[in-house]
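Notes follow once the structure below has been shown.
Reckoned from all heavy atoms, side chains included, excluding hydrogens, waters and symmetry mates. To find a chain, count down the sequence lines: A is the first, B the second, and so on, and within it residues start at 1.
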Amino acid sequence: MHLSIIDWLIMLVYFVFVLGIGFALKRYMRTSTDFFLAGRSIPAWVCGLAFISANLGAQEVIGMGASGAKYGIITSHFYWIGAIPAMLFVGLFMMPFYYGSKARSVPEYLRLRYDEKTRAVNAFSFAIMTVFSSGISMYAMALLIQTLGLLHGIVPDAWVFHVSILLSAVIVLGYIFLGGLTSAIYNEVLQFFLIVAGFLPLVWIGLRNVGGWHGIQQKLPTSMTHSWKGMTHASTNSLGVEVVGLVMGLGFVLSFGYWCTDFLVIQRAMAAESQDSARRVPILAAVPKMFFPFLVILPGLIAVSVTSHSTAVQAPAALTQQATTSQHAVPLDEEHPHGIIPLKIDPISGKPILDASGNPVYNYDLAIPVMLLHFFPTGILGLGLTALLASFMSGMAGNVTAFNTVWTYDIYQSYIKKDASDAHYLWMGRIATIGGILLSIAAAYAVTNFNNIMDALQLIFSLVNAPLFATFLLGMFWKRTTGHGAFTGLLTGTAAALVHHGLTIPADAVPGIHGGWIHTVHTYPSDMAQNFWTAIFAFGVNLLVTIVVSLFTKPRPEPELVGLVYSLTPRAPEHHLAWYQKPMTLALGVLAVLIALNLVFA
Amino acid sequence: MGLDIRLPLGLIFLIIGGIMAGYGVFTRSASQGINLNLVWGLVMLAFGLIMFIAARKKS
């Protein structure tokens, strides 16, 4: 496809502003606290938008659009059962400890609460996962640019992938190197508004085209337009998950494990100007987050509802391998609507890829890109593509800023150079930013060169993340928990996840990366169901082992745990806040809207 | 941190909104016949103006 000068101009304006913010903030970066924690001076609403924008990477925009096209509005469970309750919990109950303990990172909180070895496990695993996550965003973005042919005719086709990787790396490196976390947060706010500005008219014009939500309901099967219908049994919904696995696995273990313990998002709340603000950050962030399904999932539903095929949008060559969605749950029957979703094309033969039954495979990862090409004329198309690129870059930058902080504070300062000057750690933060970007590039090429590495990475992420929440939950709410208990629980929880994965397999999968590599004792209806139950097992084992080992080991003296454990920490006074500013009031308001959304789309 | 985020936010929306609205006027041309560039460009201009004024007032 060819973009016009207007489209390029809009994208150029965005890139100039992104780097301009970095330059404008450079002179304020005087100490390591300025660079890594934004001087703890950012207003709650800014941190709140950065909190969700840092998570708006490839997985969210492309992946959720693809899931919307494939499974329907049932995908909203990732928000309405998953993210939102966890965001309210971290704001109400956990932020006072993260912020009040003066910890500079989540791994540092673990050191303050437990011991050095527990921090080390979390710091090293987190640092590795962030560079891989950043690399995946980089890879997905380069692949999309290559697939859509955005640089066709400007750069030789063989170089497009490499040029895309290099350009995104240079831009993200530029603004983080110059302005640190503040620059990342400010750009995330900019990216948030551009993503909304780019996708909102797409949803509006798309809904007009298909006759609104009522039109979608008439065109699509019932299972795609109701989020709770058929959830009592795995075989009666497209996710292949039953309600217990969904609520416990996704809603509790995985979502709380991510939103309550992942430093990538917690870092944004830690940059707030006060503890009150820090508590409000995730709760305020939950408000726009709640409506994100209408921005990223709904376009997927519209894409499969549109009946007027456009030859222009059937053209893009398919992705060479699945970029972001590998959840092939219950196989979709031939009656599943495809709308304007293009076929997945074999990059070597140029022919459509066929599944085991001989039916063509559709490339759902292109749901949102083909929507942009289908509905947007020149001009606003530039804005839509800018929104898409902004989402990839905010995901990348979020990971790189989290990496440089954990590397400098939790690895370099702890194990390599303990007593250097603040200026030295500021310098190291900038070096770590360059290192993080270089490692991300390496990760992006690793994903390109190895089959199944995406599946392997998703598996590693779930193995490491699944048991983590139990460690934090017990640490914050049970003063008897010991460092030995936490460390042993964390390791056995991860081992339990690994064993569960080795003993179970999703239907229609062969033993290997998808499970069953020890021996198959249970078959799940989908790999999503397997993921959720792996998380439940990991969490349960971690919880149990941590409690047992803690009861047999010596706890720390209570005075050392003040500010780190709920029962030993005085509640922060709230009488200076108006009723509508109190975190609990805000959270109850969000919860009421959340229940309403679940009921409306049930 | 010395820089009000609403200033660059307002400016980028004013510039992109201006480009789109201007192009929309220029192509008033063969999205269901809706001149998306003009309509959405004006919406972005309005949002950018609100942000820009709010930032200037504060400073």
Checking heavy atoms, do the side chain of A:I185, its backbone, both or neither come under 4.5 Å from chain B?
neither
Do the non-hydrogen side-chain atoms of B:I5 and A:W45 ever get within less than 4.5 Å of each other?
yes
Donor-acceptor pair, side chain of B:N37 and main chain of A:T378, under 3.5 angstrom
yes
Between atom CG of A:L381 and atom CE of B:M20, what is the distance when rounded to the nearest 0.5 Å?
10.5 Å
Could you walk me through whether B:F26 and A:I6 satisfy the side chain to side chain contact (heavy atoms under 4.5 Å, CB included) test, starting with their C-alpha distance in whole Å, then the side-chain angles of each, then the deciding distance to 0.1 Å, before giving a yes or no?
CA-CA 12 Å; B:F26 183 70; A:I6 294 291; over 6 Å; no
Just how far is it from atom CD1 of B:I16 to atom CG of A:L383, taken to the nearest 0.5 Å?
6.0 Å
Heavy-atom pairs under 4.5 Å with chain B - which of A:P201, A:G206, A:G382 has more of them than the others?
A:P201
Look at B:F13, B:F47, B:W40, B:Y23 and state which one has the largest set of heavy-atom pairs under 4.5 Å with chain A.
B:W40
Bottom line for A:A197: the part with an atom under 4.5 Å from chain B's heavy atoms is both
To the nearest 0.5 Å, what is the distance between CG on B:L7 and OH on A:Y186?
10.5 Å
Measure distances from B:I15 to the heavy atoms of chain A and classify the residue's part below 4.5 Å as side chain, backbone, both or neither.
side chain
Taking all heavy atoms of A:F375 and all of B:L36, pick out the closest pair and write down the distance.
O-CD1, 4.2 Å
For A:F291, does the CZ atom have more than 12 heavy-atom neighbours from other residues, nucleotides or ligands under 6.0 Å away?
yes
Gap separating the CD1 atom of B:I12 from the CD1 atom of A:I10, nearest 0.5 angstrom:
10.5 Å
Note, A:F17 side chain near B:P8 side chain (heavy atom, < 4.5 Å):
yes
